[in-house]
Novice: 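Please find one structure pasted underneath; my questions will follow.
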Amino acid sequence: MPYNTEEIKKIEAKWQEVWQERGTFKVDMDADKEKYYVLEMFPYPSGKIHMGHVRNYTIADVIARFKMAQGFSVLHPMGYDAFGQPAENAAIKHDTDPAKWTYACIDQMRTELKRMGFSYDWDRELATCDKEYYRWNQWIFLKMAECGLAYKKASPVNWCPSCETTLANEEVIQGECWRCKSEVTQKDLEQWYLKITQYNEKLLEDLKQLEYWPARVIAMQENWIGKSYGVNIHFKLKGEGDVITVFTTRPDTIFGATYVVLAPEHPLVEGLIKGAENEREIRKFIDEVAKETRSARVTGEAGKGGVFTGRTAVNPVNGEAIPIWIADYVLMEYGTGAIMSVPTHDQRDFLFAKEHGLPMRIVISDPQNPEMTVKNMACAYEEEGALVNSAQFDGVNSDEAIEAIGKWMEQEGTGEMTVHWRLRDWLISRQRYWGTPIPFIYCDACGTVPVPEGQLPVELPENIKITGEGGSPLDHCAEFIHVACPKCGAQARRETDTMATFFDSSWYYLRYCSPKDGGNVFDKAEAAYWMTVDQYIGGIEHAILHLLYSRFFTKFFKDLGLVDFDEPFHRLLTQGMVLKDGEVMSKSKGNTVDPDSIIAKYGADSLRLCILFAAPPEDQLEWSNGAVEGAWKFLNRIWNLVEKRYKAVAQGSDAPLGGQDKDLERDRNATIKKVTEDIAEGYKFNTAISSMMILMNKVDKYKVEEGSDQAQGVLNRTVGSIVLLLSPFAPHICEELWQKMGGQEASVVEVPWPQYSEEALKQDTVQIIAQVNGKLRGKFDIGVESSEEEVKELVLADKKIQEFVQNKPVKKFIYVPRRLVNLVV
RNA sequence: GCGCGGGUGGCGAAAUUGGUAGACGCGCUACUUUGAGGGGGUAGUGGCCGCAAGGCCAUGAGAGUUCAAGUCUCUCCCCGCGCACCA
């Protein structure tokens with residue numbers, strides 16, 4: 001029977017059914033066993049899986065199966081991040097219901113995942129759009145509200161005109177909507193927020209615990225949280241009580257501040273410009289800036305636009321009156337929306353001052369360039385140096401002056417040292433239908449009232465017509481909106497906004513621990529056993545969004561006393577993207593390869609093997625059809641090996657092995673060692689597979705004489721080891737072969753992982769390299785126990801070596817035991 | 001500009017952590033098996049010189065440390081990703 005398309009189909013279907021029926025991957029809390037939790041970022045159920053999914057889940061599956069074979073109690077669940085806009089869009093397009101569409105997609109997705117042979121505990125499957133899931137979203141939201149972490153406020157918000165909804169800061173990528181890439185605009189709205197900023201210090205500090213996360217992800221989160229130390233400095237307006245507060249990280253340059261700049265949106269602007277001589281001109285400028293898109297404004301290298309207000313403010317450290325300007329390069333959302341400008345020591349200020357002819361004063365000297373003057377400087381000097389023109393601080397080095405001046409200003413009452421965070425609270429309201437309803441009710445008498453816990457879940461009404469027009473569909477659903485106030489019973493109104501779907505995915509890993517618990521968000525004991533996630537695997541695109549939010553939720557749960565750890569994901573692996581012809585595979589580029597079409601021809605095992613062999617997990621992977629064929633060929637060779645050369649024989653004697661038998665036995669042990677270490681130490685699946693191929697090549701050359709039980713026994717043992725080592729990578733074929741070879745276990749998963757013996761690895765001889773002056777000149781087989789003297793003698797006696805030595809004296813003889821010698825002549 | 005990765009054959013990639021550069025695979029070439037196709041087998045496959053034995057060169061560029069450098073140090077170039085008028 002050849003390992004062809006027909007046979008592959010049969011085998012893979014057969015074992016998928018066996019796993020299903022026997023519940024091979026079902027797992028329960030087992031205090032006697034060490035647990036291991038492998039998790040991949042759950043998919044949005046679009047229906048079809050793509051190569052990115054296949055890669056992500058295959059990596060996870062090898063780890064899960066490897067850990068199972070090592071005797072761990074392995075939790076490996078799968079589910080669906082099922083709320084979200086694509087379902088609404090699909091509903092409009094196909095005139096159906098988002099729920100129907102989503103559940104149909106889930107069914108299809110599940111079938112495709114099963115076809116890949118992943119080792120999931122399907123009993124734990126969950127979908128976030130299930131009311132038994134999202135009721136706990138609502139419960140968490142209410143808990144957050146109780147703690148003051150969920151609150152409503154009116155504020156300028158990011159608005160995506162195409163998705164017709166608000167967006168969190170994290171969802172705005174370079175001024176564009178993360179989902180549809182439309183230009184994001186600003187709107188003033190009253191919206192729900194989650195106070196993630198309450199945890200800013202912990203979110204930053206605990207990054208230090210994440211020693212097994214990629215440095216890149218840590219750096220991205222650090223940047224996003226953006227802690228900076230500085231001073232808030234108060235500039236009084238000349239002649240009035242108003243004060244402009246600026247934030248600066250460089251208080252050491254305060255004596256060089258020659259003007260102050262406000263963002264056009266700054267609240268003090270209106271009062272300042274009223275009645276100004278050039279009021280019209282100023283208003284025109286402000287209007288123009290308002291019309292600019294944020295990205296245009298932020299990348300504005302062209303020149304720094306600004307206008308003078310005609311007013312002045314007083315520099316608190318020297319009493320100097322300096323002009324107040326309004327400019328687009330100052331952003332309202334960062335710091336205080338106002339800056340002190342030090343053109344000599346800040347490049348942006350430098351450009352602005354040059355453009356508008358504003359005064360400059362050097363307050364930090366450049367030790368490399370004592371001749372530096374305002375006139376001859378070509379750009380701002382932003383490095384450190386001794387202070388000048390700075391009264392009592394003259395001569396102090398700038399890095400010391402930062403703290404010294406900050407403290408002095410605090411004493412003088414002219415400013416205070418402060419910490420600024422870039423992280424903003426998380427805008428959670430979405431004006432969309434297909435999400436978790438926010439569990440609040442508006443009553444004219446009682447105000448904003450939480451839905452009582454006993455009334456959860458607030459269910460999404462079904463069979464709603466989605467038109468894509470006129471705002472959220474829930475706004476037009478009378479039976480949803482009208483509700484009695486839980487406090488006074490009067491006619492009241494439900495909140496019609498739903499939660500951003502990142503809420504759903506911020507805690508699903510906890511729900512997997514006890515997915516059917518009807519009375520709790522998750523079972524504390526189960527979570528205590530299974531958490532934290534030992535290995536999390538997913539794409540880098542979630543480096544900030546999902547991973548930051550999940551860390552926030554975990555810290556909140558800890559404060560609630562539901563968990564006792566700070567961080568949810570112990571180890572994180574961000575798998576590389578799958579490319580086709582050098583570009584990321586994507587529907588929009590039209591360069592996708594459908595995993596299903598590959599499975600149909602070569603089977604899931606070949607696809608899995610190919611993807612694992614082609615590149616290390618973190619690297620980009622260039623798809624190639626040739627590589628699948630290569631993987632199939634390798635599996636085919638193993639198949640034929642078992643079919644044609646595996647023969648049940650009387651177990652050979654325990655007599656010591658010699659010659660080729662001993663060599664193969666050593667190679668077998670060496671391969672077990674290599675594969676085990678490659679998987680365990682850094683997931684080097686590509687080299688693990690390559691070492692199995694090498695062993696396979698050796699088996700091909702290994703001759704078994706007719707009737708030689710000894711040699712046949714060694715061969716059998718080697719074939720058995722290959723099948724077991726390969727089983728996490730290509731599970732279906734290995735199950736089948738193991739059974740063919742007489743394995744009695746219900747599944748290879750139950751067979752303990754192969755062990756190697758150090759004794760068998762020992763070699764009698766070893767090849768060493770002989771160099772003359774660092775160049776390779778010969779190779780010698782020497783006994784492992786050979787002494788340095790013996791080796792030296794042997795090498796020096798060699799004709800070829802002598803040719804290169806040419807009777808010159810050997811100045812130095814370097815000997816690295818069992819590796820090389822180097823003669824320096 | 002700042003941060004994180006990278007740069008090794010025609011291609012995907014290895015390299016025992018300073019010790020034989022290119023394992024393994026894809027592709028290609030020749031021979032072979034088969035009625036043909038597919039598939040299988042054998043040999044070869046970094047560049048240059050050479051019939052060969054062999055020699056020289058070679059890990060983005062240049063310098064340095066060392067008996068020995070893809071690996072360590074410095075300078076520079078290039079590519080990818082992320083962040084960014086962040087005050």
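Lettering follows sequence order; numbering is per chain, from 1.
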Novice: Check for me whether the distance between the ring centres of A/F352 and A/Y329 falls short of 6.0 Å.
Specialist: yes
Novice: Using a 4.0 Å heavy-atom cut-off, does A/V330 contact any base of the nucleic acid, only the sugar-phosphate backbone, or nothing at all?
Specialist: base
Novice: So, using side-chain hydrogen bond (donor to acceptor under 3.5 Å, both in side chains) as the criterion, who are the partners of A/D663 when residues are at least two apart?
Specialist: A/R666
Novice: Pick the nucleotide of RNA chain B nearest each of A/S228 and A/A614; which residue has the one closer to the 5' end?
Specialist: A/A614
Novice: When you compare B/A14 with B/G9, how far apart are their P atoms, in angstrom units rounded to a whole number?
Specialist: 14 Å
Novice: Can you confirm if the aromatic rings of A/Y334 and A/W421 lie within a centre distance of less than 6.0 Å?
Specialist: no
Novice: Both distances under 3.5 Å, Watson-Crick or G-U wobble: report the partner of B/G5, or none.
Specialist: B/C79
Novice: Using atom C1' of each nucleotide, how far apart are B/G50 and B/U59 to the nearest Å?
Specialist: 26 Å
Novice: Rounded to the Å, how far apart are A/W178 CH2 and B/C83 P?
Specialist: 14 Å
Novice: Rounded to the nearest 0.5 Å, how far apart are CG of A/L548 and CD1 of A/I225?
Specialist: 5.5 Å
Novice: Got a salt bridge between A/E171 and A/R179, using NZ or NE/NH1/NH2 to carboxylate O under 4.0 Å?
Specialist: no
Novice: Could you tell me if the side chain of A/W224 sits less than 4.5 Å from the side chain of A/L423, heavy atoms only?
Specialist: yes
Novice: Quantified in whole Å, what is the P atom distance between nucleotide B/C81 and nucleotide B/C76?
Specialist: 24 Å
Novice: Under 4.0 angstrom, heavy atoms only, what part of the nucleic acid is A/R777 near: base, sugar-phosphate, or nothing?
Specialist: sugar-phosphate
Novice: From OH of A/Y329 over to C1' of B/A87, roughly how many Å is that when rounded to an integer?
Specialist: 8 Å
Novice: Determine the Euclidean distance between corresponding P atoms of B/G60 and B/C78; express it in Å to zero decimal places.
Specialist: 16 Å
Novice: I'd like the C1' distance from B/G46 over to B/A21, given in whole Å.
Specialist: 10 Å
Novice: Looking at the rings of A/F502 and A/W426, which for Trp means the six-membered one, are their centres under 6.0 Å apart?
Specialist: no
Novice: Assign B/U59 to syn or anti; the rule is syn for a glycosidic angle within 90° of 0 and anti otherwise.
Specialist: anti
Novice: Rounded off to whole Å, could you give me the CG-to-P distance for the A/D349 and B/G1 pair?
Specialist: 19 Å
Novice: Can you tell me, in whole Å, how much space there is between the P of B/G44 and that of B/A53?
Specialist: 12 Å
Novice: With rounding to whole Å, what would you report as the distance between B/U75 and B/G3 at their P atoms?
Specialist: 14 Å
Novice: If each of A/R250 and A/I173 is mapped to the nucleotide of RNA chain B with the nearest heavy atom, which maps nearer the 5' terminus, i.e. the 5' end?
Specialist: A/I173
Novice: Closest to the A/R422 side chain: B/C86, B/A87, B/G55?
Specialist: B/C86
Novice: Spell out protein contact along nucleotides 14-38 of chain B as letters: B when the base is contacted, S when just the sugar-phosphate is, - when no protein heavy atom is under 4.0 Å; keep the 5' to 3' order.
Specialist: S-B--BB--BBSS------------
Novice: Calculate the interatomic distance between A/F634 atom CZ and B/G40 atom P; express it in whole Å.
Specialist: 14 Å
Novice: Is B/G9 syn or anti, taking syn as a glycosidic angle within 90° of 0?
Specialist: syn
Novice: Do A/D252 and A/R250 meet the salt-bridge criterion of a basic N to acidic O distance under 4.0 Å?
Specialist: yes
Novice: If I take atom CD in residue A/E618 and atom C1' in nucleotide B/G5, what distance separates them, rounded to the nearest angstrom?
Specialist: 11 Å
Novice: If we call it a pair only when both distances are under 3.5 Å in a Watson-Crick or G-U wobble match, what pairs with B/U66?
Specialist: none
Novice: At under 4.0 Å between heavy atoms, what does A/F350 touch on the DNA or RNA strands: base, sugar-phosphate, or nothing?
Specialist: nothing
Novice: Under 3.5 Å, is there a donor-acceptor pair between the side chain of A/D605 and the main chain of A/I733?
Specialist: yes
Novice: Is the phosphate of B/C83 approached by A/R216 (side-chain N or O, under 4.0 Å from OP1 or OP2)?
Specialist: no
Novice: In whole Å, measure the gap between the C1' atoms of B/A61 and B/C77 for me.
Specialist: 7 Å
